[in-house]
Amino acid sequence: MTLKYRVVLEPGEDGWIVAHVPAVKGCWSQGKTREEALANIKDALEGTLEVKRKYGDPIPEETEVEVNA
């Protein structure tokens with residue numbers, strides 16, 4: 001099963017791009033470029049979901065993918 005999540009990109013105060021997944025509480029990352037921020041949030045999301053599976057926590061689901069920049 002492939003899960004898809006909405007990713008929000010916003011400019012950070014330090015000039016970096018901040019990325020987060022609203023459906024997954026606490027899933028945040030950043031990058032110097034849009035591409036780096038997206039790669040980093042993908043890694044953060046995979047790690048967060050891995051921990052949730054390990055401890056039997058519910059996995060949030062979302063049906064749409066949207067990138068705001």
Side-chain angles (χ1 to χ4, degrees):
M1 177 176 159
T2 300
L3 299 174
K4 294 182 179 183
Y5 292 95
R6 180 172 58 104
V7 172
V8 177
L9 299 175
E10 300 172 322
E13 293 178 10
D14 57 2
W16 287 46
I17 298 172
V18 177
H20 70 100
V21 180
V24 182
K25 185 178 178 180
C27 190
W28 290 79
S29 193
Q30 63 180 359
K32 289 182 181 180
T33 65
R34 182 178 185 275
E35 292 76 20
E36 184 178 52
L38 287 171
N40 290 344
I41 195 65
K42 181 180 177 187
D43 288 344
L45 178 60
E46 289 171 352
T48 300
L49 296 179
E50 182 179 322
V51 170
K52 286 184 173 294
R53 287 184 188 104
K54 179 178 178 179
Y55 290 101
D57 294 338
I59 304 297
E61 291 188 34
E62 224 172 47
T63 58
E64 294 182 25
V65 174
E66 178 181 320
V67 177
N68 299 323

Contacts table for residues 39-48: side-chain donor-acceptor under 3.5 angstrom, sequence neighbours left out:
{"residue": "N40", "atom": "ND2", "partner": "Q30", "partner atom": "O", "Å": "2.6"}
{"residue": "N40", "atom": "ND2", "partner": "E36", "partner atom": "O", "Å": "3.3"}
{"residue": "T48", "atom": "OG1", "partner": "A44", "partner atom": "O", "Å": "2.8"}

Of all the heavy-atom pairs spanning P60 and K52, show the shortest one and how long it is. CD-CD, 4.2 Å
Considering all heavy atoms, the nearest R34-I17 contact: N-CD1, 3.3 Å
If I take atom NZ from residue K4 and atom OG1 from residue T2, how far apart are they, to the nearest 0.5 angstrom? 7.5 Å
Look up atom OG in S29 and atom CG in L9, then write down how far apart they are to the nearest 0.5 Å. 10.5 Å
Any link between [X] and [Y] through a network of hydrophobic side chains (Ile, Leu, Val, Met, Phe, Trp, Tyr) touching at under 4.5 Å?
X: V7; Y: I59; answer: yes
X: V18; Y: Y5; answer: no
X: V21; Y: W16; answer: no

